[in-house]
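First comes the structure, then the notes that go with it.
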Amino acid sequence: MATRFLLAFAICRLIVTVGLTLDPTELLRLEVEGVLSVEPADLGAASRDFGGMQNAEPLAVLHPGSAEDVARLIKAAYESGQGFTVSARGHGHSIKGQATTANGVVVQMSGSTKVAPPRVSEKFMYVDVWGGELWVDVLSSTLKYGLAPKSWTDYLYLSVGGTLSNAGISGQAFNHGPQISNIYELDVVTGKGELLTCTPKQNSELYHAVLGGLGQFGIITRARIALEKAPHRVRWIRVLYSNFSAFTQDQEYLISLHGQPATKKFDYVEGFVIVDEGLINNWRSSFFSPGNPVKISSLNADGGVLYCLEITKNYQESNSNAIDEEVGALLKKLNFIPSSEFTTDLPYVDFLDRVHKAELKLRSKNLWDVPHPWLNLFVPKSRIGDFDKGVFKGILGNKTSGPILIYPMNKKKWVAKSSTVTPDEDIFYLVAFLRSALDNGDETRTLNHLTNQNNRILRFCSDAGIKAKQYLPHYTTQQQWMDHFGDKWTLFSKRKLEFDPKNILATGQRIFTPFFNPSAPLL
Ligand code: FAD
């Protein structure tokens with residue numbers, strides 16, 4: 001009762017102060033199993049994200065108790081006379097407000113205690129999970145059965161619905177495809193408030209639309225994720241290169257082994273670029289022993305830049321005798337700098353959860369909740385050498401402000417009908433600039449400097465005719481979105497019309513303007 005009163009009060013106050021068009025009774029009539037909150041702490045949390053650069057306060061936050069709660073809310077928005085927007089928020093790890101919605105309702109998908117826990121089928125090797133489940137919790141539930149998902153992100157405190165709305169990539173993608181290629185079935189609440197089950201065969205248009213769909217077509221309330229036998233341990237190896245083409249040739253060779261038996265390929269292929277003079281440790285690579293620091297200058301880096309290949313081999317404890325030989329045979333084929341090999345061995349879970357350790361370290365130094373002007377690009381293989389010359393050895397100017405990941409993927413492992421956009425070549429690279437902005441007196445660490453540098457990188461690609469595509473994309477005009485989707489735009493907008501005809505969902509992506517507010521700018 002008190003919550004209803006608070007909700008009514010908050011909505012009326014907002015109508016008076018900012019002139020909302022929402023009829024408060026539309027939200028007040030909503031019967032939910034979870035909680036519809038207007039607590040300032042909830043509104044504040046839902047208005048921010050990991051990027052720390054945007055703020056958009058919603059009118060209310062729904063902590064759903066079930067998929068039906070999500071359906072009731074969206075149906076209310078869809079049938080409402082005056083209309084309101086609805087955005088799913090996974091764990092809020094977007095960079096530019098993609099999961100926010102000003103003056104609408106945020107559905108806080110992760111952290112819900114009332115929804116069903118993950119349910120594993122050992123027989124069919126899958127797990128059914130709530131759309132807001134964090135991948136770290138998916139892992140712990142499947143490990144009880146000795147099973148684990150096949151395809152990962154580097155960081156596990158992301159929600160299933162959030163990564164599936166983009167793609168979900170890591171070093172396993174060359175082999176298994178991104179996370180969206182490893183989903184058997186979904187439950188989705190569309191922009192009309194219908195709760196539908198979809199698979200590659202049943203409601204297949206919706207299934208493909210939501211995978212990589214940036215939240216535009218529906219809210220994923222359940223995902224059925226493919227599993228494999230979980231390895232016990234991981235041999236984790238890093239080797240260095242000073243020559244970019246030797247580095248990319250080796251990466252491309254390693255991902256070409258995807259069809260080989262497990263003993264003849266690595267399980268994970270990533271890499272990163274080291275442009276900073278000095279220690280090559282950073283939050284993403286606290287791997288080289290601090291007691292044995294590596295200096296770029298000692299390794300004859302070409303143009304001041306080094307490249308680190310990062311590979312792993314999973315194994316069962318019962319197979320530990322064979323692992324040295326298998327790894328040795330694979331390493332022999334590579335052309336890294338002799339004596340630049342760093343190896344460690346650890347439990348599979350610790351490897352998967354590696355970034356969380358770095359997070360805890362950064363949090364303890366108050367360096368986690370800083371602005372993150374990240375830029376993620378898919379660069380076609382044919383132009384990665386030009387990208388190296390123009391960006392790593394050019395625009396960056398020996399300053400990183402965070403890890404720079406680089407690794408190739410096989411396009412054939414991506415579901416072509418999904419909404420994700422990738423370059424038009426069989427092999428493309430992820431290049432991820434994972435920057436943290438600081439206000440510590442160093443101009444090159446400021447948000448302004450890093451944002452300008454991102455813009456220079458994008459301009460460089462455009463001027464050089466490098467047909468890169470943004471991953472976790474951010475644009476501010478519909479024309480830019482049309483350019484991003486290219487040939488896929490017609491299908492993307494047709495799907496939007498079919499599944500969210502009033503443009504209610506995920507307005508924080510700034511792709512479509514809500515039907516009931518056509519004059520609102522996309523910004
Ligand atoms: P949110 O940011 O909350 O949401 C993202 C978008 O998805 C929004 O538009 C939202 O409306 C929509 N959405 C959320 N839940 C649902 C749902 N249930 N149904 C429909 N739409 C929904 N990505 C990778 O691919 N690989 C990585 O290795 C990787 N590492 C990362 C490491 C860190 C430290 C961080 C901060 C991010 C990383 N990411 C990585 C990016 C991550 O995949 C995106 O931030 C993604 O948005 C997931 O975050 P989230 O669950 O918090 O979703």
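Order of appearance sets the numbers: ligands from 1, and atoms from 1 within every ligand. Just so you know, residue 1 is the first one in the sequence shown, and it goes up from there.
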Any heavy atom of N166 under 4.0 Å from ligand 1? The part involved is side chain
Per-atom contacts of ligand 1 with L214, taking only distances under 4.0 Å to non-hydrogen atoms: 9 (O)
For atom 11 (O) of ligand 1, tell me which residue out of A88, A506, A46, G97 has the closest non-hydrogen atom. A88
Centres of the H484 and Y475 rings: under 6.0 Å? yes
Thinking salt bridges, do R354 and E359 make one under a 4.0 Å N-O criterion? no
Answer with yes or no whether Y157 contacts ligand 1, where contact means a heavy atom under 4.0 Å from a ligand atom. no
Test of proximity, S87 against ligand 1: N or O pairs below 3.5 Å: no
Using a 6.0 Å cut-off, check whether atom NZ of K488 has over 12 heavy atoms from anything other than its own residue. yes
G168 heavy atoms within 4.0 Å reach ligand 1 at atoms 25 (O)
Atoms of ligand 1 less than 4.0 Å from R89 heavy atoms? 3 (O)
Is there at least one pair of N or O atoms, one from M109 and one from ligand 1, spaced under 3.5 Å apart? no
Against heavy atoms of D154, which atoms of ligand 1 measure under 4.0 Å? 27 (C), 28 (O)
Assert yes or no for the condition that the ring centre distance of F351 to W236 is strictly below 6.0 Å. yes
Looking only at non-hydrogen atoms, the one of V86, L158, L405 nearest atom 40 (C) of ligand 1 is L158
Counting heavy atoms only, which part of S94 comes closer than 4.0 Å to ligand 1: side chain, backbone, both or neither? both
Mode of W374 contact toward ligand 1 - side chain, backbone, both, neither (heavy atoms, under 4.0 Å): side chain
May I ask you to establish whether R495 and F499 are in a cation-pi arrangement, using a distance under 6.0 Å from NZ or CZ to the six-membered ring centre and at most 45° from the ring axis? no
Under 4.0 Å, counting heavy atoms only: does G218 come that close to any atom of ligand 1? yes
When you measure from the heavy atoms of I169 to every atom of ligand 1, does any distance fall below 4.0 Å? yes
Is any N or O atom of T153, backbone or side chain, closer than 3.5 Å to an N or O atom of ligand 1? no
How does I95 reach ligand 1, if at all, at less than 4.0 Å between non-hydrogen atoms: by side chain, backbone, both, or neither? neither
Is the distance between the ring centroids of Y157 and H93 under 6.0 Å? no
Do R224's NZ or CZ and the ring of Y126 fall within the cation-pi criteria of under 6.0 Å and 45°? yes
What do the steps show when you test D42 against H63 for side-chain hydrogen bond (donor to acceptor under 3.5 Å, both in side chains), and what is the final call? CA-CA 10 Å; D42 272 333; H63 298 277; 3.3 Å; yes
Tell me whether ligand 1 is touched by S170 - counting only heavy atoms on the residue side and a distance under 4.0 Å. no
As a check for students: among T101, T163, L156, L362, identify the option with a heavy atom nearest to atom 43 (O) of ligand 1. T163
Please say whether the positively charged group of K502, taken as NZ for Lys or CZ for Arg, lies over the ring of Y78, i.e. under 6.0 angstrom from the six-membered ring centre and within 45 degrees of the axis. yes
So CD1 of I384 and CD1 of I406: to nearest 0.5 Å the spacing works out to 4.0 Å
For ligand 1, is W152 a contact, meaning one of its heavy atoms is under 4.0 Å away? no
Ring-ring centroid check F387 F392, cutoff 6.0 Å: yes
Does any N or O of ligand 1 fall below 3.5 Å from an N or O anywhere on Q509, backbone included? yes
Looking at E185 and R222, does any basic side-chain N land under 4.0 Å from a carboxylate oxygen? yes
Looking at ligand 1, would G508 count as a contact under a 4.0 Å heavy-atom criterion? no
Among S159, G215, S165, G51, which one has a heavy atom closest to atom 22 (C) of ligand 1? S165
Do ligand 1 and I219 have nitrogen or oxygen atoms that lie under 3.5 Å from each other? no
In plain terms, say whether K381 and E252 are close enough for a salt bridge, that is, a side-chain N and a carboxylate O under 4.0 Å apart. yes
Are any of the N/O atoms in V355 less than 3.5 Å from those in ligand 1? no
With side-chain hydrogen bond (donor to acceptor under 3.5 Å, both in side chains) as the test, pick out the partner of N175 among H258, K265, K413. K265
